[in-house]
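Excluded from the calculations below are hydrogen atoms, water molecules and symmetry mates; all remaining heavy atoms, backbone and side chain alike, are included. Below, chains carry the letters A, B, ... as their sequence lines are ordered, and counting in each starts from 1.
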Amino acid sequence: MLSIGRKAYNYGLFAYLNTTAMTIIQIQQILREAVIAAAHSRFGVELEQVVAEIPPRTELGDLAFPVAFELAKKIKQATGEKKNPRELAEVLKAEIETIPAVACVEVAGAGYLNIFFDRAAFLSANAAADPLPNRALSTDPSSPKVCVEHTSVNPNKAAHIGHVRNSVLGDTFQRILKATGKRVEIQNYIDNTGVQVADVVVGFLFIENMNIDAIKDLDKELSDAGQTFDYYCWDLYARVGVEYQSNEALKEKRTEVLHLIEEGNNETAELADYVATRNVECIVDTMERLSIRYDLLPRESEILHLHFWDRAFEQMKQLGVIRYETEGKQAGCWVMPFEEHVGDADNETDKILVRSNGTVTYTGKDIAYQLWKLGILGLDFCYREFFKYPDGREVWITRSDETTETVHPPFGGGETIYNVIDTRQSYPQDIVRKGVAAISPERGEKASVHLSYEMVALSPAAAEELGFRLSDEDRKRPFIEMSGRKGLGVKADDLIDRLEANALAEVEVRHPDTPADEKRGIAHQIAVGALRYFLLKFTRNTVIVFDFKEALSFEGETGLFCQYSAVRANSIFRKLAEQDETVLDSRMDLVAMGSLADVFSSIDGNDIWSMAILASRLEETVEQAAMQNEPAILAKYTFTLAKAFNLFYHNHKIIAETDEIKRAVLVVVADIARRALTNALDTLGIEVPDKM
RNA sequence: GGUCCCGUAGCUCAGUUGGAUAGAGCGUUCGCCUCCUAAGUGAAAGGCCGGUGGUUCGAAUCCACCCGGGAUCACCA
């Protein structure tokens, strides 16, 4: 049994506080094993896994096992004997109750095994515990490395809200993985040789009649006028789209331009590279506003020029993964047989990787890229530093010339690869995964994870607010899909600007005497919190129908609500500091005073304990979010935690509390809560302002 | 047509892998600042969990079939 008091002093106070902390995950694991062992020894039943759940109310305990039902079923199957689940639960109860950290066990309902932790012991032991203890491993070279690809916006225009969903999802997931101890490499794939870039190049060359120098001049004019290159390209791209509809000649130019870009080493390719690179810079700047960063920008041009595909092609041919079609409508193509199918209807063909003209499809290139990510291609990119973030962190970009040796960090070769790509690309992603698994069966399909998510669409009202004319038919639709080609979408920077402006107006009212810089900083933190939380509170497979009112809201379930809760928590400790008190004092008081049980058995006991136990569940919530590839789980938890803290804050006047023991408990619990909240928000990429 | 996703309160969404009285925000109605930040908080009203069958101690959750809505199935990327 964990105990407090004299024993703690024998071992030294700090050692006690730091080393005997048993997390909920650990307690849970011990209990699971105990249940399995008890089922074996008392009933001769082998349980493979035991489901543990959180009871609906604190009065029902801290952990529940609905295991007696399953046990009854298994006993009946084995012996034919019908047992009452409640009686089975009573037997298990006796076995589990002796475990340290468990105060008592109750059999409830039809046979639930409800576990009550030893509250005083738990609190004393976890008062100083790190809410995310594994996070430190994320910088440990011996930790397993994973790669996360996200953002990957075509570098021909500004990013819109749909791209931001991708990036926020990817960035948050990356933070979640790090919180579980994984080493993470973040890649933002740059499709700098695709049709979308070609389209904008066509616009510059044949609509605007500009050469590269003219574009550079334009770029400078734009920045002098406070405008951005990616916004200019956004409009130009839309104009090209309109022009294509009536101008066949221009459309033919596209094929020509695309060819030149792919080939490289010509003026058009140089111009395209300038356009693409400038757009990448703009998009990276936009994402930096949202605290989203990258390690490497792999480019399609290098996949072409370094012949990644050729290497993958050889491997696939040798292993018989792909087949050359000699007849039928796919004659002359290399295809990958996909799924069992009968017939040869239009929708039942194999996936073509190499066209009859010998060129490789996007999916083919993607397989080669995925092989590189997994470290099994047998080729590597060349690299150069692209830029440094203000804090010195480097971002690298790929290049194809090997003339100069550059010392660079190792890239690629991840144990698991997460690709954050919207659900519309599930089919090609499936092919990539299967193709890669065919080449490397030992790694298999599990090594490639498609982190898919539904699109962000516009409500008809939002589309009209952006100035788009809708037909009566469109107005009746549940949502309107955004389209870069049509120039229809909410640009990321516009939305962030509006959020910052709204937040600033409010900060001006609340803190008129604060320096302007600081006010802008707070407004920025609020804007980022609002946008990130807005995109994260939806689960991945929910279509977000964008609505300005909802997205700009600072009320209810928002990032701001969570931030505000943390700010209020911090103000308690600021006040304490003004009285020369620290959390450490309270922690020591806790151990020294011993009789915490009284506090928990008082009227407010359940209330205080609920706060403590909820805040202690961050680690398992993060694990769960990582396991299920679902950041929304963490977002929801964070909101619940903030709400619980607001209630706690409302019900207990901590600084004014006169009962010494209770006050120490309240301080320690408030501290656990604010650290959990701060860490949860940090994992969501949301900062806590100094004041709000 | 095949595959996949969605359908839960007036609206927007969660629902811990099959568990206890189905939750939250917005909106509506009525309350709470001599007190650590009211961007907060309490209460009320609001549900055929799309439908019908099935599986079992037990189903919003699993299975089958329907009904609505969406995505996807290129020698596009």
With rounding to the closest Å, how many angstrom separate the [atom1] atoms on [N] and [M]?
N	M	atom1	answer
B:rC11	B:rG50	P	14 Å
B:rC73	B:rC26	C1'	39 Å
B:rC6	B:rG23	P	22 Å
B:rA14	B:rC75	P	35 Å
B:rU41	B:rA59	C1'	36 Å
B:rG51	B:rA60	P	11 Å
B:rC13	B:rC76	P	36 Å

A:Asn541 CG - B:rG70 P separation (whole Å):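 The answer, rounded to whole Å, is 17 Å.
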What does [X] touch in the nucleic acid at a heavy-atom separation under 4.0 angstrom: a base, only the sugar-phosphate, or nothing?
X	answer
A:Gln425	base
A:Ala530	nothing
A:Phe538	sugar-phosphate
A:Thr423	nothing
A:Glu506	base

Side-chain donor/acceptor of A:Thr640 to backbone N/O of A:Lys636, under 3.5 Å: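 Flag set: sc A:Thr640 to bb A:Lys636 pair under 3.5 Å.
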A:Arg165/A:Glu454 ion pair, N-O < 4.0 Å: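 Salt bridge flag = no for A:Glu454 with A:Arg165.
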Residues A:Glu500, A:Arg498: salt bridge by 4.0 Å N-O rule: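 Looking at A:Arg498 together with A:Glu500, the answer is no, because their closest N to O distance does not fall below 4.0 Å.
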Option among A:Val667, A:Leu666, A:Val665 that satisfies the side-chain contact (heavy atoms from CB on, under 4.5 Å) test with A:Ser586: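 Of all the options given, the one that passes is A:Val667.
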Heavy-atom pair with the smallest gap, counting every atom of A:Cys333 and A:Ser356: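 Where A:Cys333 meets A:Ser356 most closely, the heavy atoms are SG-N, 3.5 Å.
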Per-nucleotide pairing state of RNA chain B [Watson-Crick or G-U, under 3.5 Å; [ ] pseudoknot-crossing; | other strand]: (((((((..((((.....[...)))).(((((.......))))).....(((((..]....))))))))))))....
With sequence neighbours excluded, residues passing side chain to side chain contact (heavy atoms under 4.5 Å, CB included) with A:Thr255: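 Listed in chain order: nothing, the list is empty.
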Nearest-0.5 Å distance that lies between atom CZ in A:Phe546 and atom CG in A:Leu458: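 Reported to 0.5 Å precision, the distance equals 7.5 Å.
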